[in-house]
Amino acid sequence: MFPVNFEISKTHLLSRKKQTLVAMLGVTFGIAMFILMISFMQGVNRFLENTLLQATPDIHIYNDIKTDYSQSIAGDYYKNGELTIVRHPKPKQITPNIKNAEQIITDLQKNTDVAVVSPHISTQVFYNYGPVQINGLIDGVDIMQEARLFGIANKMVTGKIENIRTTNDGIIMGQGLADKLNVKMGDMISLATPMGTSMRFRIVGTFQIGIGTIDNLKSYVNTVSVQQLLGKDRNYITDINIKLKDIKNAKPFAAVFQKKYNYKSEDWETSNASIMSTFIIRNILTYVVSITLLVVAGFGIYNIMSMTINSKMKDIAILKAQGFASKDIIQIFLSQSLIIGILGALSGMAIGFGLSLLLSYVPFPKTDFASMKYLPIIFELKYYLGAVFFGIITTFIAGVMPSIKASKVDPVVILRG
Amino acid sequence: MKEILRIEKLNKIFHEPEDFQVLKDISFSINKGEFVTITGKSGCGKSTLLYLLSTLDTEYDGKIFINDTLITGSSQNELARFRNKSIGFVFQFHFLLPEFTALQNVMIPALRLGKYNEKEIKDRAYEKLKQMGMETFAEKLSSKLSGGQQQRVAIARALINEPALIMADEPTGNLDTANTQNVFDIFKELTSVNGQTIIAVSHDEDFARNSGRIIHMVDGQIETN
Ligand SMILES: Nc1ncnc2c1ncn2[C@@H]1O[C@H](COP(=O)(O)OP(=O)(O)OP(=O)(O)O)[C@@H](O)[C@H]1O
Ligand SMILES: [Mg+2]
């Protein structure tokens, strides 16, 4: 680009400062909002994702109870071809355990992509508290494996996770549940299964993950304890939770495991499908609003450039008469809109950062569901670069059409007057 | 004498508002270093002819040769480069860029040509303004100058790249006698000393008579006598 073209462009911009500033502020506003929205929305997404991952394994293998009644033993009894109608068929006694669990676990442990394998026995229980029965869940686990899965060691409110291994009847309870039962470290508590069996446990610790549905419902005990409670043998396992070395592989591996072991195998995104869909909605919202803002800014620039060019017909004719080519005219006017775009984008970036910073100090009221102190804001360079990139592209597109129109001006028509 | 410009059978027709032939079969040639004045009644087509010769208007029939090269049919880009280097143009209505100072207006064609650095261009532009008696207004915005002052700046601008051809459409239309004489003397010197060629349109009879050659137009044709 010829320096003189740039000089002319600069003089044009400076000779109508107000218009330039208004056009620039449009871009500034668009970019700032884009950055603010994306930092906040992605912050919320990440917060939720982290929270979910504290409660959901990368892959969960379990025995899905089938509700497929297309096959019936009725046919075995009535063989003479008569039509047999069975109303309301029900499954016969089912056991929700994984039959060859031992084998699957050893196989998974050999898999180099798997980081942690944690076998579970989960069942519903009633926590007895005087005359009140509170419905909840009990998870029989190898606590050390479970800790590697979800990092509960850091979420302990009282006690230590190791306590559970040194006692036979130890239980680690969700803090919310303990509060409801009004029990503390060292207290005894009685659990009853839906089948009627019951056992007593001593509380050796409480945890708080930050998700109400877990803290208010769940307790951990040793695998053996649940096997005893349910009256099952030592091979009885209902769930296998897996942490992968790379969570991105969860989906494909889940499919592989399902095929290989012939049990339902679910990746964490599928387990949380309803919450994941809100991620998508938030993302769409962010992009729709931001792009709308940028398009509006783009129209502002288009308008101002068109007006400028209409009022500069004479100048364009003079420049052409003195040997400025169409290319030079395009450079002169396109660079004006790009300068507006670049300055607008940079100031928008600064303002977007400032607003995000302010927002990240806004306290968030404490709720059952989420334990965050402030609004979750992500500061990531790529959002800023992306915003600047889109801002400049928008102003470029907005500037191109008027500039091309300017370059097509026929000087003779203008100069003849 | 070397020929610098030759035109063969130029015809120009305006189609709006109705078909109207402004130029009819115009042919002539001009040598290097000539000082030519085109005269004729208002509306006879002088400005139109000058736009064709300056390569700005490319919609015509016939041929234009400059330095024995056929200009007719060249691309807009080639013509722009050619104008920048070889043609200086003074419009009938002295158009300057209003946001720029007188000095900047004179400098711009030279900056585009890029033959000298900015400092040299500034000195040269100042020199040209001085020739036109405009040096005291160098830093003034061109939109704040009087008509005659603007015209003198426009002439300075046409001279800045030392073009082989200078075309001026009534360059002294707004000037008093003293300034007219000054411009005439400068033109005379440019042709005789520098060997530049000048084609000027003028209603001023003295100006025309004292220039080297008169081309008189009547109704879009050249009157031969
Ligand atoms: N764009 C146009 N469309 C139609 N007719 C035009 C156009 N421009 C000029 N004309 C006509 O062409 C003729 C020649 O115009 P031109 O401007 O060349 O005259 P001129 O000799 O320069 O006159 P003057 O001495 O007044 O400047 C005039 O009759 C004018 O009306
Ligand atoms: Mg005229």
Side-chain angles (χ1 to χ4, degrees), chain A residues 1-21 304-305 307-336 339-340 403-417, chain B residues 12 14 16 22 45 47-48 50-52 54-60 75-101 104-114 117-118 121 141-143 150 154 157-158 160-161 163 167 169:
Chain A
M1 179 166 166
F2 280 100
V4 62
N5 292 354
F6 187 69
E7 276 305 308
I8 295 172
S9 151
K10 212 173 70 187
T11 309
H12 280 174
L13 283 176
L14 290 178
S15 65
R16 54 191 160 93
K17 291 197 184 70
K18 217 183 204 166
Q19 271 188 8
T20 307
L21 199 69
I304 286 177
M305 288 315 296
M307 270 162 51
T308 304
I309 284 161
N310 282 338
S311 68
K312 292 257 177 293
M313 286 296 183
K314 254 189 181 179
D315 301 51
I316 296 166
I318 294 169
L319 288 171
K320 282 194 152 186
Q322 285 164 1
F324 284 71
S326 296
K327 193 182 83 215
D328 298 309
I329 305 294
I330 291 183
Q331 281 179 4
I332 288 171
F333 289 99
L334 193 53
S335 65
Q336 293 183 33
I339 290 170
I340 291 175
S403 304
I404 288 178
K405 189 182 151 206
S407 77
K408 296 228 170 89
V409 167
D410 181 356
V412 184
V413 173
I414 309 293
L415 295 175
R416 234 183 239 131
Chain B
K12 169 84 185 174
F14 284 118
E16 293 289 328
V22 205
S47 297
T48 307
L50 219 51
Y51 284 129
L52 297 194
S54 71
T55 78
L56 269 179
D57 191 349
T58 50
E59 285 171 24
Y60 58 87
S75 78
Q76 289 297 337
N77 270 338
E78 286 167 340
L79 292 179
R81 217 174 308 128
F82 178 76
R83 278 199 296 276
N84 187 224
K85 186 170 176 293
S86 308
I87 298 184
F89 203 99
V90 183
F91 309 104
Q92 184 166 13
F93 312 99
H94 28 275
F95 290 124
L96 298 175
L97 300 175
E99 290 108 341
F100 294 83
T101 63
Q104 284 173 322
N105 264 287
V106 179
M107 286 169 71
I108 283 173
L111 291 170
R112 175 65 184 76
L113 186 64
N117 69 33
E118 199 176 328
I121 289 171
L141 273 187
S142 64
S143 54
Q150 291 189 29
R157 181 177 65 185
I160 186 74
N161 282 343
M167 306 196 190
D169 200 345

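Side-chain atoms are counted along with the backbone in the values below, which use heavy atoms only and exclude waters and symmetry mates. Per chain, numbering begins at 1; letters A, B, ... match sequence-line order.
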K.L.:
Could you list the residues that satisfy side chain to side chain contact (heavy atoms under 4.5 Å, CB included) with P163(B), not counting sequence neighbours?
P.N.:
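With sequence neighbours excluded, P163(B) shows a side chain to side chain contact (heavy atoms under 4.5 Å, CB included) to I166(B), Q196(B), given in chain and number order.
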
K.L.:
Which pair of heavy atoms, one from F91(B) and one from A321(A), lies closest together, and at what distance?
P.N.:
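Closest approach of F91(B) to A321(A), heavy atoms only: CZ-CB, 3.5 Å.
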
K.L.:
Please list, in residue-number order, every residue in residues 312-319 of chain A that has a heavy atom less than 4.5 Å from any heavy atom of chain B; write 'none' if there are none.
P.N.:
K312(A), K314(A), D315(A), I318(A), L319(A)

K.L.:
Between I332(A) and S9(A), which heavy-atom pair has the shortest distance, and what is it?
P.N.:
O-CB, 3.4 Å

K.L.:
Work out which heavy atom in K408(A) is nearest to a heavy atom in K320(A); give both atom names and the distance.
P.N.:
C-NZ, 4.1 Å

K.L.:
Do side-chain atoms of D57(B) reach the backbone of T48(B) as a donor and acceptor pair under 3.5 angstrom?
P.N.:
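No, because the side chain of D57(B) does not come within donor-acceptor range (under 3.5 Å) of the backbone of T48(B).
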
K.L.:
If you count heavy-atom pairs under 4.5 Å between each of S54(B), P98(B), S86(B), A158(B) and chain A, which one has the most?
P.N.:
P98(B)

K.L.:
For the residue pair Y60(B) and V22(B), establish whether any side-chain heavy-atom pair is separated by less than 4.5 Å.
P.N.:
no

K.L.:
At their closest point, which heavy atom of A110(B) faces which heavy atom of I160(B), and how far apart are they?
P.N.:
CB-CG1, 3.8 Å

K.L.:
Identify, with sequence neighbours excluded, every residue that meets salt bridge (charged side-chain N to carboxylate O under 4.0 Å, His left out) alongside K405(A).
P.N.:
none

K.L.:
Using the six-membered ring of F324(A), assess whether NZ or CZ of R112(B) lies under 6.0 Å from its centre and within 45 degrees of the ring axis.
P.N.:
yes

K.L.:
Given that the side chain runs from C-beta out, which part of E99(B) has a heavy atom under 4.5 Å from chain A: side chain, backbone, both or neither?
P.N.:
both

K.L.:
Less than 4.5 Å to any heavy atom of chain A: does that hold for the side chain of F89(B), its backbone, both, or neither?
P.N.:
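Neither part.
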
K.L.:
Mind ranking L111(B), N84(B), I87(B) by heavy-atom pairs under 4.5 Å with chain A and telling me who comes out on top?
P.N.:
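When all of L111(B), N84(B), I87(B) are compared, N84(B) has the most.
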
K.L.:
Applying a heavy-atom distance below 4.5 Å, give me the residues of residues 11-20 of chain A that approach chain B, sorted by number.
P.N.:
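The residues closer than 4.5 Å to chain B, in numerical order, are T11(A), H12(A), S15(A).
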
K.L.:
Evaluate the side-chain proximity of R157(B) to P109(B): yes if any heavy-atom separation is below 4.5 Å, no if none is.
P.N.:
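The answer is yes, as the side chains (C-beta and beyond) meet within the 4.5 Å cut-off.
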
K.L.:
Going by an N to O cut-off under 4.0 Å, is there a salt bridge joining K10(A) and E7(A)?
P.N.:
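Yes, charged N to carboxylate O under 4.0 Å.
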
